[in-house]
Asker: 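Structure below; questions to follow.
These numbers come from the heavy atoms of this one structure, side chains and all, not from hydrogens, waters or symmetry mates.
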Amino acid sequence: MMRIGIPKEIKQGESRVGMTPAGVAELIKHGHQVFVQHTAGEGSGFPDEAYEHVGAEILPTIEDVYAQSEMIIKVKEPIEPEYPLIRKDQLVYTYFHFASDRPLTEAMIKSGAVCLAYETVEEADHSLPLLRPMSEVAGRMAVLNGAYYLQKTKGGKGKLISGVPGVKPTKVLVLGGGTVGEAAARMAAGMGADVVITDISLPRLRQLSIELPANVTTLYSSDHNIRQELRDVDIVIGSVLIPGDKTPHLITRDMLSLMEPGTVLVDVAIDQGGCFETSHPTTHAEPVYTIVHYCVANIPGAVPNTSTMALTNATLKYALQLADKGWRKACEDNPALRKGLNIVEGKVVFKPVADVWGLKYEKLA
């Protein structure tokens, strides 16, 4: 039996929760004890009673949840008030994005905890199963938010994304043809925009060209090509991802002068440092700044009910393996989970994180 804790997310603007009542029911069915912090699921539409109904124990404070639990299941990376609550040998299973947050990296090294990051769990086919559901949500939301901030009253050009009969639709540039980029391109195309999607993989561009609607054009990603597209673009969606590593800047500061005033930039990669040089994290409370940069660090947090259910669908399978076998045996048996290990008992065991911060990389035995 493992004692599993689900704390309430305390990062500003975060209403998701680490596990739905349905997911908790499965953990309990496997013989594990689950502690849920009071009101942890409320923001996602899951009251305490729903967790109690499936057998979870509701604890009053976040301190109680961390103190009672061997394994913590979260959504977002721990923030500073949580650092002292995390203890040696405790397994923390969540999104971490260490490559964009040195203080978090150092705090987790100091804690001696086992940090298993959703974003670097990688299957043999190089898919990222725990990143995919939030990427699908974020890609769709990126377009909705881009269209919203394109309104003149919100700082944009005053254009309707679809246009109307006799008036051209907007042009949307999507940087990166992965899960986020594909979802964004589909959404923008479905709303009637003219869409250009870029990538550096020709096989991926061929695949996207076949699978995406006719109003989506594929383009090889290069500095020259991006600069050419920026001259008449209305919305730019940055969706480039290097698993576990810092995102490269595809839109540099000098490129802003190429764009018309009111162009909207949506940086979905902000959790990993952002793919626009001028990006910095924003919140749902204050989501944008000029040009118009929309850089909310948890875009799926705006639709927490959908996001929490989608995330649980993906994370539960691996959570059961970790709880049933313990993290060492589970990671030994499942190479995908092993790749999720970033920091273990004070050692950085994921090379991209060590390289970004100039820390010692120690291969996991």
Side-chain angles (χ1 to χ4, degrees), residues 1-7 17-36 54-56 65-78 85-98 104-105 108-109 111-134 243-244 308-354 361-365:
M1 183 196 80
M2 184 175 280
R3 299 189 306 279
I4 301 166
I6 300 169
V17 64
M19 190 69 60
T20 62
V24 167
E26 286 300 309
L27 291 167
I28 291 171
K29 185 177 170 183
H30 279 238
H32 305 295
Q33 189 173 10
V34 180
F35 304 104
V36 178
V54 298
V65 172
Y66 275 96
Q68 296 273 9
S69 306
E70 301 165 275
M71 175 182 179
I72 296 292
I73 299 178
K74 280 175 47 63
V75 180
K76 293 301 289 180
E77 74 283 354
L85 304 180
I86 298 169
R87 63 179 187 275
K88 189 176 186 299
D89 297 329
Q90 192 171 46
L91 172 61
V92 184
Y93 180 50
T94 191
Y95 290 115
F96 276 105
H97 302 293
F98 284 119
L104 172 67
T105 304
M108 292 304 97
I109 291 170
S111 74
V114 177
C115 301
L116 204 153
Y118 291 163
E119 70 272 12
T120 64
V121 172
E122 184 178 337
E123 293 288 0
D125 62 359
H126 302 299
S127 64
L128 303 168
L130 306 189
L131 200 57
R132 186 174 186 90
M134 294 303 94
T308 295
M309 288 193 284
L311 185 60
T312 297
N313 290 344
T315 59
L316 180 60
K317 175 177 78 171
Y318 300 97
L320 287 168
Q321 293 174 34
L322 291 164
D324 291 347
K325 300 178 179 181
W327 73 266
R328 288 185 187 277
K329 180 70 170 131
C331 291
E332 190 179 299
D333 291 349
N334 188 339
L337 263 181
R338 186 184 176 95
K339 288 186 178 180
L341 292 170
N342 279 218
I343 296 173
V344 174
E345 298 169 344
K347 300 173 182 177
V348 180
V349 299
F350 191 74
K351 195 170 187 301
V353 171
Y361 164 65
E362 300 192 46
K363 195 170 182 180
L364 194 64

Asker: Could you tell me if the side chain of L27 sits less than 4.5 Å from the side chain of L320, heavy atoms only?
Answerer: yes
Asker: Closest approach of P78 and M108, non-hydrogen atoms and distance?
Answerer: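 What the structure gives for the nearest pair is CG-SD, 4.5 Å.
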Asker: If every non-hydrogen atom of P129 is compared with every non-hydrogen atom of A314, which pair is closest and at what distance?
Answerer: O-CB, 3.6 Å
Asker: Is the side chain of N342 donor-acceptor paired with the backbone N or O of G340 at a distance under 3.5 Å, no angle test?
Answerer: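 Yes; at least one donor-acceptor contact below 3.5 Å.
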Asker: With a 4.5 Å cut-off on side-chain heavy atoms, are Y118 and V75 touching?
Answerer: no
Asker: Does any part of the side chain of V353, heavy atoms only, come nearer than 4.5 Å to the side chain of T120, both counted from C-beta?
Answerer: no
Asker: Return the minimal non-hydrogen interatomic distance between G326 and M2, and the atom names on each side.
Answerer: CA-CE, 4.2 Å
Asker: Could you give the distance from NZ (K339) to CG (N334), rounded to the nearest 0.5 Å?
Answerer: 10.5 Å
Asker: Just wondering, do L341 and C331 contact through their side chains at under 4.5 Å, heavy atoms?
Answerer: yes
Asker: Taking all non-hydrogen atoms of both residues into account, name the closest pair between V24 and A56 and its distance.
Answerer: CG1-CB, 3.9 Å
Asker: How many angstroms lie between CD1 in I4 and CE in M71, if you round to the nearest 0.5 Å?
Answerer: 5.5 Å
Asker: Under 4.5 Å between any side-chain heavy atoms of E70 and L91, yes or no?
Answerer: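 When only atoms from C-beta onward are counted, L91 and E70 do not touch, as no gap falls below 4.5 Å.
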Asker: Got a second to check how far L337's CG is from K325's NZ, nearest 0.5 Å?
Answerer: 9.0 Å
Asker: Evaluate the side-chain proximity of W327 to V344: yes if any heavy-atom separation is below 4.5 Å, no if none is.
Answerer: yes
Asker: What's the shortest heavy-atom distance between Y95 and L130, and which atoms?
Answerer: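 Distance-wise, the nearest heavy atoms are OH-O, 2.5 Å.
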Asker: With distance as the sole test, does T20 use its side chain to make a donor-acceptor pair with the main-chain N or O of M309 at under 3.5 Å?
Answerer: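 Here the side-chain-to-backbone pair does not exist.
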Asker: Tell me yes or no: between the side chains of E122 and H126, is some donor less than 3.5 Å from an acceptor?
Answerer: yes
Asker: Determine, step by step, whether I72 and I86 satisfy the side chain to side chain contact (heavy atoms under 4.5 Å, CB included) criterion, reporting the C-alpha distance in whole Å, the side-chain angles of both residues, the deciding distance to 0.1 Å, and the verdict.
Answerer: CA-CA 9 Å; I72 296 292; I86 298 169; over 6 Å; no
Asker: Is K347 atom NZ crowded by more than 12 heavy atoms from other residues, nucleotides or ligands, each under 6.0 Å away?
Answerer: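 Open.
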Asker: With a 4.5 Å limit on heavy-atom distance, are the side chains of Y93 and Y318 in contact?
Answerer: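 Touching, per the 4.5 Å side-chain cut-off.
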Asker: Quick one: does any side-chain atom of E119 pair with a main-chain N or O of F96 as donor and acceptor, under 3.5 Å?
Answerer: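 Yes.
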Asker: State the CG-CE distance between L311 and M19, to the nearest 0.5 angstrom.
Answerer: 8.0 Å
Asker: So how far is it from Q90 CD to R3 CZ, rounded to the nearest 0.5 Å?
Answerer: 9.5 Å
Asker: Of the non-hydrogen atoms in I6 and G18, which two are nearest, and what is the gap between them?
Answerer: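 Smallest interatomic distance, heavy atoms only, reads CG2-N, 4.1 Å.
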Asker: How many angstroms lie between CD in Q68 and CD in Q33, if you round to the nearest 0.5 Å?
Answerer: 7.5 Å
Asker: Within the structure provided, determine whether L116 and V121 are in side-chain contact (heavy-atom separation under 4.5 Å).
Answerer: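 A side-chain contact exists here, since the closest heavy-atom pair is under 4.5 Å.
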Asker: Any luck finding a side-chain donor-acceptor pair between D333 and Q321 under 3.5 Å?
Answerer: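 No.
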